Amino acid sequence: LKVALIVFAVWLAIGGLFTAQYVVVAQMTVLDALRLSASVWIVWFVFAPLAVWLAFRFPFERGKILPRVATHAVVCVALLCANHWVGLRAPFGGTQPSFGGGPPPWVMQMRGSDILDGSAPTGRLGMRGPRGGVLAARLAMDAVLYAVIVSVCQAILWSRRAREREHRALRAEAQFT
C-alpha cells in the first residue's frame, strides 16, 4: 500500500507540473492546460508504477551498476518513444500551445523592447529555442522525470538499508552489555 501511495503521489506531482507549466508559461486556463497536458501525464500514469517497480527491483549497487544502468536506459528510451507516440495520437490534446509567433508576454516584460526592435541576440539558443523545439524539450523532460523517480526510489532504498544497519548495530551492542 505504501508503494501504491508513493506511485500515486508521483503521478499527481507530474500531472501538476505539466499543467502548471502551461498555465504559467502559455497563460492558459487550468481546464485548457489539463486537456493539453493530459497527453504527457496520462502516459506517466502507466510508466510511473513501472519506473518505481524497476527502481526497487534493479537498484544501483556495487558490482551491478552497468547492467542496472543499461536496464534503466532501455526503459527510459521505451518511455520516451511511448510518450511521443501517445502525444501524436492523443484525442485529448496532443498539440502544443502557440504563442502567436512571438515570445510569451512574460518574456516581453522581462527583456523589454530589445526583442521588438531586433537588437536581441538570436544565436543558436535565441528566440527560436534549442534544436528540436517542443519535441526535444518534451523528451528531455520525460528523461529527467524518469531519472527523478529512480533517484527518489534509490534514496528510499538507501535510507531503509541505513536504518536496518542501525538496528543491527543496536542489537549487537545490546548483546554485549
Side-chain angles (χ1 to χ4, degrees), residues 1-59 71-112 115-116 120 122 124-157 159:
L1 185 62
K2 282 184 185 179
V3 173
L5 289 175
I6 291 171
V7 169
F8 188 69
V10 166
W11 180 72
L12 283 178
I14 291 169
L17 175 72
F18 282 110
T19 303
Q21 179 181 353
Y22 287 129
V23 169
V24 171
V25 174
Q27 297 181 343
M28 303 174 92
T29 66
V30 174
L31 189 58
D32 287 340
L34 278 170
R35 182 185 53 77
L36 189 61
S37 67
S39 66
V40 176
W41 57 270
I42 289 293
V43 173
W44 280 100
F45 185 71
V46 174
F47 275 101
L50 176 64
V52 169
W53 179 79
L54 283 170
F56 284 121
R57 178 73 175 91
F58 300 105
T71 301
H72 288 290
V74 167
V75 171
C76 187
V77 168
L79 165 76
L80 297 179
C81 292
N83 205 348
H84 177 63
W85 182 82
V86 167
L88 291 175
R89 289 162 180 76
F92 39 78
T95 60
Q96 296 298 320
S98 169
F99 296 118
W106 61 271
V107 172
M108 299 294 284
Q109 291 170 358
M110 283 178 36
R111 294 291 307 266
I115 291 176
L116 297 174
T122 57
R124 185 169 159 213
L125 295 176
M127 292 308 299
R128 289 183 179 80
R131 292 183 187 208
V134 174
L135 175 61
R138 186 170 171 174
L139 294 177
M141 179 66 95
D142 286 339
V144 167
L145 285 173
Y146 183 82
V148 166
I149 290 171
V150 170
S151 299
V152 167
C153 292
Q154 188 71 35
I156 290 169
L157 281 173
S159 173

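Please read these numbers as outputs of a predicted model, since none were measured by experiment. The figures here come from the full heavy-atom set of this structure, side chains too, leaving out hydrogens, waters and symmetry mates.
- The aromatic rings of His72 and Tyr146 lie tilted to each other, with the angle between the two planes from 30° to 60°.
- Minimum interatomic distance between Val30 and Val23 (heavy atoms only, all atoms of both residues): CA-CG2, 4.0 Å.
- Put simply, CZ on Arg57 and CG on Leu50 are 13.0 Å apart, with the number rounded to the nearest 0.5 Å.
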Item to check | Residues Leu145, Leu79; criterion side chain to side chain contact (heavy atoms under 4.5 Å, CB included); working and verdict | outcome: CA-CA 11 Å; Leu145 285 173; Leu79 165 76; over 6 Å; no
Practice item. Go through Phe56 and Ile156 one step at a time and tell me if the side chain to side chain contact (heavy atoms under 4.5 Å, CB included) criterion holds. Key: CA-CA 9 Å; Phe56 284 121; Ile156 290 169; 4.0 Å; yes
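- Val75 pairs with exactly one of Val150, Leu80, Leu54 by the side chain to side chain contact (heavy atoms under 4.5 Å, CB included) rule, that one being Leu54.
- A pairwise comparison of heavy atoms in Leu157 and Ala55 identifies CD1-O, 3.8 Å as the closest pair.
- The two residues Ala78 and Phe47 have their closest heavy-atom pair at O-CZ, 4.2 Å.
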